[in-house]
Structure formats: C-alpha cells, structure tokens
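Notes follow the structure.
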Amino acid sequence: MDIDISHIRVDINEIELKKNNIKEKLGGKIIMKTLEKLSNFASKYMAFIVLAFAGLSVFRPNTFEFAAPHVNTWLGIIMFGMGMTLRLEDFRLVLTRPKDVLSGSLAQFTVMPLVAFLVSKILNLPTELAVGLILVGCCPGGASSNVMAFMAKGDVALSVTLTSISTLLAPFLTPALTLLLGGSNIEVSLTSMFISILKVVLVPIVLGLLCNRFLPRFVEEGTKLVPLLSTVCLVLIIGSIVGKNVDSLLTSGWLILVAVMMHNSIGYFLGYLVAKKIGLEEAKRRTMAIEVGLQNGGLATSLAMTHFSPMTAIPGVVSSTYHAVSGALLANYWSSKPLDKKQLDKVNKVITM
C-alpha cells in the first residue's frame, strides 16, 4: 500500500522556513540591541570620542580627507536626526510660557555674538579667527544642549523649545549678526549664507519633524540610533577640518582655545545671570545657562568652510569639541546639586509626559 508523504515534506519545509525567519528576527534584534548600546555609549562619551579622532587627524591629517567635500551632508544628517526628536507640541511653550521662551531666545542671539566680538578684540585675534569666533557666537544652540539640560536637572521642555526656536531663526539672524559684527573685516554674503543654512539646517529639521509626525514607528526605532549617527557625522566633520588645517591649528591652537573657553564660560555665566535677574527658578536658570553657552559649532564650521576660509573654520572646530566637554562637566556638577522638592517634582513631571 502506497503512503502519501508529500504533506510531511511540506510541513518540514514550513518548519525550516519558520526557523529561518526566527533566526533572522533574532539576528536583527541582536544587531539592533548592539547598535543601541553603541548609541548610548556615543551619547555619554561623545566629547571624548570626537576629541580622540581630532587628535588622530593632527598626527595623520589624511585620515578623513574623503569626508572633507561632504561637510554639509554630514551636518544635514545631524540636523535630520535632531528633527526626528521634535514634535509640533514642543513649540507650545511659545504660547504657554512666552516670558521664558522670549527671554531665552533673546539672550541666545545677543549674549554670545557680543561676547564673541569683545573676546576677539580683547585677545586681538587675527581677522579670520575673529570672524570664525563671531560666527560661532551667531549660530543657534547646539543639539547636545537638550541632553545636557536633562543631566543638569534643568527644564528639558524649555531647552528643546529654545534649541528649536533658535535653529528656526538661524537662517535670518546668523547671517545678519555675522555681517553686523564681522562684516567690516571680511566680506559676508547675507543671501548665500541664508541659503546655506536653509539647506543644511532648516530643510533636514523639517523633514525629520515630518517623519516624526507621519512615520512614528520608523522614528521610534530610528531615534535610538541618533546619538551614534550624530557622533559619526561630527567625527567626520571635525576630523576632515582638522586634517586640512593642522598647521594653522598648531600655530594658533592655544590662542583660539583660550578664546573659546572665555566665550563659552562667559556665556554660561551670563545665561544663568539673565535667568536669575528676570526671576526664573533654578531649573530654568540651569537650562538658560546651557542654552546660551552651548553653540552649534558644527554649523559654524560648515558655514566657514563654505563662505570664508579654512582658517575661519578653526574656532568652530575647537568650539564643537570644547563645548561638548564643558557642557558635560557643568551638567554633571549640577546633577549633584539637588533642586528643592517643588522644582524637582516639576522636572520629573515634564520628563514623564
């Protein structure tokens, strides 16, 4: 008697297929978990990673030569990642807390540009370095400021809103302020700089914001890897710029480091002081200090390379690294200084929303 075993073979094939699918899914999950761990590591030690690769570029200038023509692309990817972390709801503070937002935005675009101008005069910086420092001061807040505000037990919602608002205002205010404060020393094109900021900042952020709105599942997974992607792109930007300007960096490195340290420290101090003078509570003072003191050095570097000279990019390169280190140290210091119970409850409520 013949026995039909065809269905058994089909069942065996189906079992094998399911086993392969399970293996693929497990493999995918393992890869994703590994990338998430790397991303968390990159977020925690971004400053030191960037510093290490910048040092590598000093000793081996050609290491990141391949990345130099694509600086704007790397910056655009960073801005897209930032955009994916934003929601339209993040801008509601403009209406519900106008005093906080307006005072913070005003401080960002007055304190740092003016301090950069004064520091460049006090230290008698060469023209190109002076313009580069002014350009850093005229740029919006850095994306890492949100993480720093969280670590410092600051007002995270206010930090996100201030970073977003300053970034949206950057196409208009950054070229105008750079022309006002540095235009007498070097030619500044308002139109071309405006277009550059639109391309590498505003468009990627809007695309990221739209992804958050219409592709929530993709964004939910993608944002876990944003710190890793941002760190890689920042390494490529800074590594390539350092490699192209090793001689200038070694010649003027200490001078521009002192200038960046003064600029950054005074920004923290005045940001905190302004918040205190207008009656903001401690959590908001910490946020204001961080938002005012930390600038988008990557954008300053990109604009300098596109519209000025490699020498003008050096303050942006130094700022990108130093701001990350000083911001992390300040945030860690404040994290050990408790808020009063009422303020801490407010911060925890915002974080869990």
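This chain uses plain numbering: 1 for the first residue, then up along the sequence. Just so it is clear, the structure is predicted and the values come from calculations on it, not from any experiment.
- Under the 4.5 Å side-chain criterion, counting only non-hydrogen atoms from C-beta, Cys233 is not in contact with Leu75.
- Closest approach of Ala275 to Arg285, counting heavy atoms only: CB-CA, 3.6 Å.
- Thr174 approaches Pro140 most closely through the heavy-atom pair OG1-CD, 4.1 Å.
- What you find for Ser103 and Met288 is that their closest heavy atoms are OG-CE, 3.6 Å.
- In this structure, the side chains of Val274 and Val292 stay at 4.5 Å or more apart for every pair of heavy atoms.
- Of the possible donor and acceptor atoms, none in the side chain of Thr306 sits under 3.5 Å from a partner among the backbone N and O of Leu303.
- With rounding to the nearest 0.5 Å, the separation of CZ in Arg286 from NZ in Lys153 is 7.0 Å.
- The backbone N or O of Ser230 lies less than 3.5 Å from no partner atom in the side chain of Trp74, so there is not a single donor-acceptor pair.
- In terms of hydrophobic clustering, with Ile, Leu, Val, Met, Phe, Trp and Tyr side chains grouped at heavy-atom distances under 4.5 Å, Phe308 and Leu125 are assigned to a common cluster.
- Under the 3.5 Å distance criterion, the side-chain polar atoms of Thr312 are left unmatched by any main-chain donor or acceptor of Gly132.
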Checklist entry - Run the salt bridge (charged side-chain N to carboxylate O under 4.0 Å, His left out) check on Arg97 and Asp155 step by step: do they pass? => result CA-CA 12 Å; Arg97 289 159 54 183; Asp155 190 324; 2.5 Å; yes

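- Within the 3.5 Å criterion, the main-chain N or O of Ala130 finds no donor-acceptor partner in the side chain of Ser120.
- Minimum interatomic distance between Ser326 and Asn264 (heavy atoms only, all atoms of both residues): OG-OD1, 2.6 Å.
- Residues Ser240 and Phe66 form no side-chain contact, since every pair of their non-hydrogen atoms from C-beta on lies 4.5 Å or further apart.
- When only modelled atom types and interatomic distance are considered, Thr163 and Glu291 share a side-chain donor-acceptor pair under 3.5 Å.
- Atom CD1 of Ile256 is separated from atom CD of Glu128 by 11.5 Å, given to the nearest 0.5 angstrom.
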Item to check | side-chain contact (heavy atoms from CB on, under 4.5 Å) between Leu177 and Phe109, intermediate numbers included | outcome: CA-CA 8 Å; Leu177 290 170; Phe109 282 110; 3.9 Å; yes

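- Atoms CG and CG, on Asn124 and Leu129 in that order, are 11.0 Å from each other to the nearest 0.5 Å.
- Follow the hydrophobic side-chain contacts under 4.5 Å out from Leu106 and you never reach Met112; the two are in separate clusters.
- Here the shortest heavy-atom pairing between Ala300 and Leu135 reads O-CD2, 3.4 Å.
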Next on the checklist: What verdict does the side-chain contact (heavy atoms from CB on, under 4.5 Å) test give for Val200 and Met79, after you've listed the backbone C-alpha separation in whole Å, the side-chain angles of each residue and the deciding distance to 0.1 Å?
Outcome noted: CA-CA 7 Å; Val200 302; Met79 292 296 104; 6.0 Å; no

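- Enclosure of atom CZ in Phe269 is not indicated, since only 12 or fewer non-hydrogen atoms of other residues, nucleotides or ligands lie within 6.0 angstrom.
- To the nearest 0.5 Å, the span separating OH on Tyr272 from CG on Leu280 amounts to 10.5 Å.
- Side-chain N/O atoms of Ser164 and Thr161 include no donor and acceptor closer than 3.5 Å.
- There is a path of hydrophobic side-chain contacts, each under 4.5 Å, that joins Leu168 to Ile195.
- Clustering ILVMFWY residues whenever any of their side-chain heavy atoms sit less than 4.5 angstrom apart, transitively, puts Val115 in the very cluster that holds Val258.
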Next on the checklist: Could you walk me through whether Ile197 and Leu202 satisfy the side-chain contact (heavy atoms from CB on, under 4.5 Å) test, starting with their C-alpha distance in whole Å, then the side-chain angles of each, then the deciding distance to 0.1 Å, before giving a yes or no?
Outcome noted: CA-CA 7 Å; Ile197 299 175; Leu202 202 57; 5.8 Å; no

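- Note that the CG atom of Leu123 and the NE2 atom of His263 stand 12.0 Å from one another [nearest 0.5 Å].
- Atoms OG and CG, from Ser265 and Leu270 in turn, are 10.5 Å apart once rounded to the nearest 0.5 Å.
- Nearest heavy atom pair, residue Ser57 against residue Phe64, reads OG-CD1, 3.3 Å.
- Following chains of ILVMFWY side-chain contacts shorter than 4.5 Å, one can reach Leu236 starting from Phe41, so the two form part of one hydrophobic cluster.
- The main-chain N or O of Ile278 is found under 3.5 Å from a side-chain atom of Lys99 such that the two form a donor-acceptor pair.
- When the options Asn62, Leu56, Val58 are evaluated for a side chain to side chain contact (heavy atoms under 4.5 Å, CB included) with Arg60, the one that passes is Leu56.
- When side chains are defined from C-beta on, Trp334 counts as touching Glu282, because their heavy atoms get closer than 4.5 Å.
- Residue-environment remark: OH (Tyr268) exceeds the threshold of 12 foreign heavy atoms within 6.0 Å.
- The shortest distance between side-chain heavy atoms of Asn296 and Ser319 does not fall below 4.5 Å.
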